[in-house]
Amino acid sequence: QVRAVESGGGLVQPGGSLRLSCATTTSIFSSSAMGWYRQAPGKQRELVATITISDSTNYAASVKGRFRISRDKTKSTVYLQMNSLEPEDTAVYYCNAGSLSDLKRLISDPTLSPWGRGTQVTVSS
């Protein structure tokens, strides 16, 4: 039932960069918008960035100007390039697929699409 598999997390110092990858199937990738989410300990899951099949993007205010979401059609993979990382970015990062409206509602309605395992990002000196 997993729609996407996240990878690329790790430990990085403040100010550093990481690129997360989200691999999905060709059918899902070609017909769905994709979103990156994160959940820090004790915090609600947050929608970080979305990208549509037409490459329209949107970002949470907390990451705008630092993160970039992109799609690679040849690999059915969506990326999250994270620059100027801050300790507040520490979280488990998840990706998911669906309509743009569903991606915006997924946190409050998890029946819309299943969650994968996510990938841990830790920003610390």
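Sequence positions, counted from 1, serve as the residue numbers for this chain. Reckoned from all heavy atoms, side chains included, excluding hydrogens, waters and symmetry mates.
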Could you list the donor-acceptor pairs under 3.5 angstrom formed by side chains in residues 6-15, with sequence neighbours left out?
residue, atom, partner, partner atom, Å
E6, OE1, G118, N, 3.1
E6, OE2, C95, N, 2.9

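Here R71 pairs with D55 under the salt bridge (Lys or Arg N to Asp or Glu O under 4.0 Å) rule; sequence neighbours left out. Y93 pairs by the ring pair (Phe, Tyr, Trp, His ring centres under 6.0 Å) definition with nothing, not counting sequence neighbours. Applying the side-chain hydrogen bond (donor to acceptor under 3.5 Å, both in side chains) test to S101 and every residue at least two apart in sequence or in another chain returns S99. By the salt bridge (Lys or Arg N to Asp or Glu O under 4.0 Å) test, E46 pairs with R38, sequence neighbours left out. Residues satisfying the side-chain hydrogen bond (donor to acceptor under 3.5 Å, both in side chains) criterion with T122, sequence neighbours excluded, are Q120. Not counting sequence neighbours, the partners of S27 by the side-chain hydrogen bond (donor to acceptor under 3.5 Å, both in side chains) test are T25. Judged as a side-chain hydrogen bond (donor to acceptor under 3.5 Å, both in side chains), and not counting sequence neighbours, the contacts of R105 are D102. Applying the side-chain contact (heavy atoms from CB on, under 4.5 Å) criterion to R66, with sequence neighbours excluded, gives V63, S84, E86, D89.
One finds the CH2 atom of W36 at 10.5 Å from the CG atom of N96 (value rounded to the nearest 0.5 Å). For the atom pair OG (S113) and CG (L103), the distance works out to 8.0 Å, reported to the nearest 0.5 Å. Taking CG of L85 as the start and OG of S17 as the end, the distance is 6.0 Å to the nearest 0.5 Å. With rounding to the nearest 0.5 angstrom, the OG atom of S56 is 10.5 Å from the CD1 atom of I69. Between N83 atom CG and L18 atom CG the span is 9.5 Å, to the nearest 0.5 Å.
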Inset, instruction - Take E88 and S62 through the test side-chain contact (heavy atoms from CB on, under 4.5 Å) and record every step on the way to the result. - result: CA-CA 9 Å; E88 310 88 78; S62 58; over 6 Å; no
Report the C-alpha separation of L100 and T50 in whole Å, then their side-chain angles, then the decisive distance to 0.1 Å, and conclude whether the side-chain contact (heavy atoms from CB on, under 4.5 Å) test is met.
CA-CA 8 Å; L100 187 59; T50 59; 3.7 Å; yes
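The stretch residues 96-125 participates, sequence neighbours left out, in these ring-ring contact (aromatic ring centres under 6.0 Å, His included) pairs: Y37-W115, Y94-W115. Applying the ring-ring contact (aromatic ring centres under 6.0 Å, His included) test to every pair with at least one member in residues 14-33, sequence neighbours left out, gives no pairs at all. Within the structure, the ring-ring contact (aromatic ring centres under 6.0 Å, His included) test picks out no pair touching residues 58-80 (sequence neighbours left out).
L20 approaches M82 most closely through the heavy-atom pair CG-CE, 3.7 Å. Smallest separation of non-hydrogen atoms from L80 and A49: CD1-CB, 4.3 Å. Taking both residues in full, the closest heavy atoms of I51 and S70 are given as CD1-CA, 3.8 Å, listed atom of the first, atom of the second, then distance.
Under the 4.5 Å side-chain heavy-atom criterion for ILVMFWY residues, a single connected hydrophobic cluster contains both V92 and I107.
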